[in-house]
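A, B, ... follow the sequence lines: proteins, then strands. Residue 1 opens every chain.
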Amino acid sequence: MTRYNFEASEAKWQAAWEKAGAFAAEADPSRPKYYVLEMFPYPSGRIHMGHVRNYTLGDVVARYKRAQGFNVLHPMGWDAFGLPAENAARDQKVHPAHWTYDNIATMRAELKRMGLSLDWTRELATCHPGYYAHQQKLFLDFMRAGLVYRKEAFVNWDPVDQTVLANEQVIDGRGWRSGALVEKKKLAQWFLKITAYSDELLDALKALSRWPEKVRLMQENWIGRSSGAEIRFRLKGRDDRLQVFTTRPDTIFGATFCAISPDHPLADELAERDPTLAAFIAECRHAGTSEAALEAQEKRGHETQLKALHPFIAGKELPVYVANFVLIEYGAGAIFGCPGHDQRDLDFARKYGLPVIPVVAPPGADPERFAIDDLAYTEDGTIINSGFLDGLEVEAAKAEVGRRLAAADLGRPATVYRLRDWLVSRQRYWGCPIPAIHCQRCGIVPVPEEDLPVRLPDDVSFDKPGNPLDHHPTWKNVECPTCRGKARRETDTFDTFVDSAWYFARFCSPRADIPVDRQAVDYWLPVDQYIGGVEHAILHLLYSRFFTRAMRKTGHVGLDEPFAGMFTQGMVIHESYKDAAGNWLYPEEVHKTGEGSAVHVETGQAVDVGRREVMSKSKKNVVAPARIIDAYGADTARLFMLSDSPPERDLEWTEAGVEGAWRYLNRLYRLVAEPKTKLPPPGAPKPNALSPAGEAAWRLTHKTIAAVSEHLENFRFNVAVAQIRALTNALEDVPGDGPGEGWVLRQGFETAIKLIGPMTPHLAEELWRAIGRTTLLAREPWPKAEAALLVDEQITIAVQVNGKLRGTVSLPRDCPENDAREAALAVPNVAAAMAGKTPRKVIVVANRIINVVV
RNA sequence: GCCCGCUUGGCGGAACAGGUAGACGCAACGGACUUAAAAUCCGUUGGAGCCAAAAGCUCCGUCCCGGUUCGACUCCGGGAGCGGGCACCA
């Protein structure tokens, strides 16, 4: 029994592709381009199954589009800056650069074994000065364009590690590493002005028709546009105003208090003369920000001496509270409270004994008797108890209040966003240095472009907590480029999301001495198909969309949207295993004895088979891609990845499924490389006569071309695989010795090879050669389906009686309705089901179905 | 709390301008080959029933209830379960 020798074949064809330069892309305006990109990996050490799935999907698209005649760009690189390298440096005493480049070398070799049709000549790593120099240039350009600023912001500060933490690194109010209570601290930080594009980023989502609806919605929610009004309350005995934002200006007559954030400047000012308020504010800042902490936390307030004056009721004074639930980041950092129509305001009012005035009555309610009990009324209705607004509906009242506020110079209609400017500074070493200099005399001075790149120093120490760049003895001491006086280099580095916000553009001209070559990006961008995990649905994609706009504003590119098509793949999941002692076990430590039962390979003791969940190192339910490729080859891994589950859903990795893919490859190999009949030579003319079996197989071949093409276009790779398998099943059943059957088999085999080429490229090349072809399959065009063969002359049509299937009839295509009706009524079982009754109606849908109604 | 998605055999999933539900595979079972095993090949496989058996046929069946229709996995209304995103958002 012949076994397909994947070891020899895969190495051979990878070498052949490389030698031929089969996947190196070159801009060619005379040809249509297609840019396929998968999210580039972080070089953590080894590739995992998520990578295998991601890059297999992308490679299918790349190879398919190449076969269709597109000039395909399919590059690969490394998202190489980031915290794990610093952790490794501290724990293992290796330099972050060495650790990173070692990992890249390992992972590159692993990716190469997958046989991906990548243009490796364009490889880039974001930690290389040849990349980050250009990022610094872009930053300076953005600065000139007014898209960069530095301001004091509240950040998560870990007092033990002496560093700022990202929100995700704060767990239940404590630093993830130190365990110290995280403080909110005001620090000067760099920001990119993404909010300048809030409306654009939101409105342009509608036109991204080849993005998943889900991702567009997530971005929409993230930007979070809501419209209402800003109101500037006069303050009793003061000249300044208190600005609040509300989405319900129509309820202004129901206002009974105002509340400001503990971080509001006014709160700071009042706290100076009020020690209990100062203590309250300090307490709020120490409180956790985790979801659980917020849930548990009471809504509390501290009443100040301030009184806000109602804009429309002369003499009405509203007490002003500092309240722990008011966020400084959102709206104006201050609110007016209308307890009747907002649940949180109601809870607060009940707690502090504040009045509750209903001002919106539900439709049909008696305005005189409508009262609020424990539930705020938040629906639409008719305005009551509200002076000039009485009788209006909610929407009309909102507009009227907007007009009146503007007329009285006490406010105006306003729109606010949840989206905040992008805080890009990090107090870390392994990142792109922010190219700025702090001078006592001149302030913040951009690094002159001729001094770029600002390189990271190599000699750093990770012994002390905090930022190694800050601890470096000399690196930060520089001369001010303007006044030549003593100055200090910026020691913050960029958030690594900055690195990934433009790499897709750099791939178009990866060795250019400017960030991007305009001709190259004009040809290649946008990315036609981007593929990656849904976990990046918001931040990475939003930042990239912003960066593209900023690059357009600064003349680097000529478009707004970087990714014309987006696809989010599902995760790879696997059963998890635990021994009796509760220790997690790797799949290779476990021997499955049946559905849901297993024993330990060595001890033979029973193992607890757990849920199917996302592969993770902590639960050990991981399978190393290298092990699978060693055992079965890359094509088997690729085919399994594509076979059973639709790519957007989670895929369960099973040994049995892999075996199935492996079995199929061998079956296909034997079928084509060792055919039971001698095939005519390549390109032999079609014989005049075909046996019925040959005719059917020939038609199926062309139907499969049409179906597989259609499925590949729509990312239904699992169905495409199924169709190819069905074709090979049918070809297996062709006897081969009938008239023309040898020719049909050659057609069928060559077609099957071409169709499966994008999925299992090594095997396909091997078979292409085995069947007598000498060209490189990777350069062969996609097969064409002949339209005439897609429709059958004789069609089997279902016959129903009263909607229930009672039989089938075989009819010529497009046969007259009367013939169809007669044939249907003549089916014995149909006649029986009619029980002698006369049909009231016979519905004939040409070539599809006949339904007899009695 | 707000927004969104999903629910089809033992399992992954096919089929949706409404038209033969279960393609393709996994698992399972039976058989062939073999001293045996592996590999491979052939067959069966939604449930219940009619029939000596087979061919064949009947009833039920796409989360639940209701509707539209000659005909509903598909469309509409209501509900349940599971999953995801955001969340003191004013």
In this structure, is the centre-to-centre distance between the rings of [Y] and [X] below 6.0 Å?
X        : Y        : result
A/Phe640 : A/Trp662 : no
A/Phe325 : A/Phe348 : yes
A/Tyr321 : A/Tyr352 : yes

So which pairs with a foot in residues 820-843 of chain A pass side-chain hydrogen bond (donor to acceptor under 3.5 Å, both in side chains), sequence neighbours left out?
->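 Matches after skipping sequence neighbours: A/Glu817-A/Arg821, A/Asn818-A/Arg821.
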Donor-acceptor under 3.5 Å ([X] side chain, [Y] main chain):
X        : Y        : result
A/Gln343 : A/Ala376 : yes
A/Arg418 : A/Trp222 : yes
A/Arg53  : A/Gly570 : yes
A/Asp345 : A/Cys338 : yes
A/Arg638 : A/Gly633 : no

Looking across every strand, which nucleic acid part, if any, lies under 4.0 Å from [X] by heavy atom: base, sugar-phosphate, or nothing?
X        : value
A/Ser643 : nothing
A/Gly660 : sugar-phosphate
A/Asn666 : nothing
A/Arg649 : sugar-phosphate
A/Val845 : base
A/Thr654 : nothing
A/Arg806 : sugar-phosphate

Would you say A/Thr256 and A/Val356 make side-chain contact, with heavy atoms under 4.5 Å?
->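 They are not in contact (no side-chain heavy atoms under 4.5 Å apart), so the answer is no.
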So, OP1 or OP2 of [N]: does either fall under 4.0 Å of a side-chain N or O from [X]?
X        : N     : result
A/Arg725 : B/A23 : no
A/Arg848 : B/C70 : no
A/Arg225 : B/C89 : no
A/Arg420 : B/C89 : no
A/Asn718 : B/C24 : no

What is the distance, to the nearest angstrom, from the [atom1] atom on [X] to the [atom2] atom on [N]?
X        : N     : atom1 : atom2 : answer
A/Arg612 : B/G83 : CZ    : P     : 15 Å
A/Glu655 : B/G25 : CD    : P     : 20 Å
A/Gln569 : B/G84 : CD    : P     : 17 Å
A/Leu242 : B/A90 : CG    : C1'   : 13 Å
A/Tyr330 : B/C88 : OH    : P     : 12 Å
A/Asp347 : B/A90 : CG    : P     : 16 Å
A/Phe717 : B/A23 : CZ    : C1'   : 19 Å
A/Glu652 : B/G10 : CD    : C1'   : 13 Å

For [X] and [Y], test the side chains for any donor-to-acceptor distance below 3.5 angstrom and give the result as yes or no.
X        : Y        : answer
A/Tyr4   : A/Thr636 : no
A/Glu575 : A/Tyr577 : yes
A/Glu674 : A/Tyr669 : no
A/Arg649 : A/Gln569 : no

Stacked cation flag A/Arg725 on A/Tyr664, 6.0 angstrom / 45 deg |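 Cation-pi check for A/Arg725 and A/Tyr664: passes.
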Classify the angle between the aromatic ring planes of A/Phe336 and A/Phe233 as parallel (below 30°), tilted (30 to 60°) or perpendicular (above 60°).
->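 Judged by the thresholds at 30° and 60°, the geometry between A/Phe336 and A/Phe233 is perpendicular.
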Going by the angle between their ring planes, with limits at 30° and 60°, are A/Phe253 and A/His310 parallel, tilted or perpendicular?
->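 A/Phe253 and A/His310: tilted rings.
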Which nucleotides of nucleotides 46-51 of chain B have their base under 4.0 Å from a protein heavy atom (B), which only their sugar-phosphate (S), and which neither (-), written as one string 5' to 3'?
-> ------
What would the secondary structure line of RNA chain B be in dot-bracket form, counting Watson-Crick and G-U wobble pairs under 3.5 Å, with [ ] for pairs that cross earlier ones and | for pairs with another strand?
-> (((((((..(((......[....))).(((((.......))))).(((((.....)))))..(((((..]....))))))))))))....
Polar atom pairs between nucleotides 71-74 of chain B and protein, under 3.5 Å, N or O only, would you list them?
none

Using nucleotides 60-62 of chain B, report all nitrogen or oxygen pairs with the protein that are shorter than 3.5 Å.
{"unit_1": "B/C60", "atom_1": "OP2", "unit_2": "A/Lys804", "atom_2": "NZ", "d": "3.1"}

Listed pairs, N/O of protein and of nucleotides 2-4 of chain B, under 3.5 Å:
none

